[in-house]
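Everything below concerns the one structure shown next.
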Amino acid sequence: MLGRIAAAAVPVLGRLGVSRDASFRHEPGTVFVANHTSLADPGPVLAALHREGIRVTVMATAGLWRVPVLRGLLERGGHIPVHRGSAHAAGALDAAARVLAAGGDVLIYGEGRLPLRLDAAEAPPEEFRTGPARLAARTGARVVPVGQAGARRISSGSGAKQVAGFLTAPVRQPRLHVHLGAPLDLPADIGAATAAAHRGVTAAWRTAARRLGEPAAFAG
């Protein structure tokens, strides 16, 4: 359901482009790992996956379940709340493992938080948490890195600026891009797997950001 909503809503907010690595292929029971830069970025990612005919179960911060209308959508879709820093945090990986075992797909954000920057520019993904690596190690699932760019043009900065960004986006129609990267078979070591996932998502992000002409994508 969230994918259908995103597919309908994102064209109102911006112009979405989607690309795929030549080796990309979808197999049931895949972990999609995306970079997280903005409150707006789940929309383009879900819309891009919807275009590919892929429905994902999203692992998202538990705070979203406190938003009345959104809570209903999340619960009906079977999405997974992540209670970070609590005794319930491990339960999110348990739930995700059950989805994968049943042949479903999971979307998880590598950084596990939004960047603290206030500007609207693109930047490489920040340090990853170990969740994606632990989930892949536990289930043997293949990982597909997802790079998204442009969402900060919709929403970034202070609270007032974010509201203004959403309100003016239909007029501005910022360009957005999502790139589905080459599938990864992560190593068994959690540290090495986390680094490999970060490299994969960074490469996918760089491809997406280059499509938008973002300076950060051409640096380094």
Side-chain angles (χ1 to χ4, degrees), residues 1-18 33-50 56 58-77 79-86 107-129 131 146-179 201-202 204-206 208-219:
M1 180 178 291
L2 285 183
R4 291 198 303 272
I5 293 172
V10 168
V12 176
L13 298 172
R15 294 167 289 159
L16 175 63
V18 181
V33 184
N35 61 311
H36 200 15
T37 62
S38 165
L39 290 174
D41 66 48
V45 171
L46 290 171
L49 293 174
H50 183 79
V56 291
V58 182
M59 298 181 70
T61 178
L64 295 178
W65 272 254
R66 294 196 292 269
V67 181
V69 175
L70 184 56
R71 176 176 181 171
L73 293 173
L74 292 168
E75 289 182 344
R76 284 196 295 274
H79 301 288
I80 301 170
V82 180
H83 299 268
R84 297 190 182 95
S86 76
L107 170 64
I108 184 171
Y109 287 91
E111 294 109 319
R113 69 169 192 175
L114 290 171
L116 300 178
R117 297 182 294 111
L118 295 179
D119 61 278
E122 287 295 319
E126 296 184 347
E127 184 178 353
F128 273 15
R129 296 174 183 263
V146 179
Q148 62 77 28
R152 290 184 68 82
R153 298 175 178 178
I154 295 176
S155 174
S156 60
S158 65
K161 186 178 177 182
Q162 292 198 44
V163 171
F166 273 107
L167 292 176
T168 60
V171 177
R172 294 184 291 110
Q173 283 287 293
R175 292 176 62 216
L176 316 165
H177 198 88
V178 174
H179 181 73
V201 174
T202 299
W205 162 81
R206 197 173 298 278
R210 281 176 173 167
R211 293 295 184 98
L212 302 183
E214 287 283 348
F218 298 94

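Side chains included, hydrogens not; waters and symmetry mates left out as well; all remaining heavy atoms used.
- In terms of heavy-atom proximity, Ala6 sits nearest to Pro11 at O-CD, 4.2 Å.
- Contact record, Ala40 with Ala151: CB-O, 4.0 Å, taken as the closest heavy-atom pair.
- Atom CD of Glu214 sits about 8.0 Å away from atom CH2 of Trp205, to the nearest 0.5 Å.
- The structure places CD1 of Ile108 at 4.5 Å from CE of Met59, a figure rounded to the nearest 0.5 Å.
- Identified under the salt bridge (Lys or Arg N to Asp or Glu O under 4.0 Å) test for residues 108-123, with sequence neighbours left out: Arg113-Glu126, Arg117-Asp119.
- Residues Leu46 and Val10 have side chains not in contact (no heavy-atom distance under 4.5 Å, counting atoms from C-beta outward).
- Looking at every heavy atom in both residues, Leu16 comes nearest to Ala47 through CD2-CB, 3.8 Å.
- Closest approach of His79 and Val58 over heavy atoms only: ND1-N, 2.9 Å.
- Without hydrogens or angle criteria, Asn35 side chain to Gln148 main chain gives a donor-acceptor distance under 3.5 Å.
- Every residue meeting the side-chain contact (heavy atoms from CB on, under 4.5 Å) condition with Ala120, not counting sequence neighbours, appears here in chain and number order: Ser156.
- The shortest distance between side-chain heavy atoms of Phe128 and Val33 falls below 4.5 Å.
- Taking both residues in full, the closest heavy atoms of Pro174 and Arg153 are given as CB-CB, 3.7 Å, listed atom of the first, atom of the second, then distance.
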Hey, can you pull the donor-acceptor pairs under 3.5 Å for the side chains in residues 157-166, sequence neighbours left out?
unit_1	atom_1	unit_2	atom_2	d
Ser158	OG	Lys161	N	3.2
Gln162	OE1	Ser155	OG	2.7
Gln162	NE2	Gly157	O	3.1

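- Looking at Arg210 and His179, their side chains never come closer than 4.5 Å, going by heavy atoms from C-beta outward.
- Of the inter-residue distances, the one linking Gln173 atom CD with Arg175 atom CZ reads 12.5 Å to the nearest 0.5 angstrom.
- Atom CG of Leu167 is separated from atom CD1 of Ile154 by 12.0 Å, given to the nearest 0.5 angstrom.
- Although no hydrogens or angles enter the test, the distance criterion places no donor-acceptor pair under 3.5 Å between the side chain of Arg152 and the main chain of Ser38.
- Gly150 approaches Leu176 most closely through the heavy-atom pair O-CD2, 3.3 Å.
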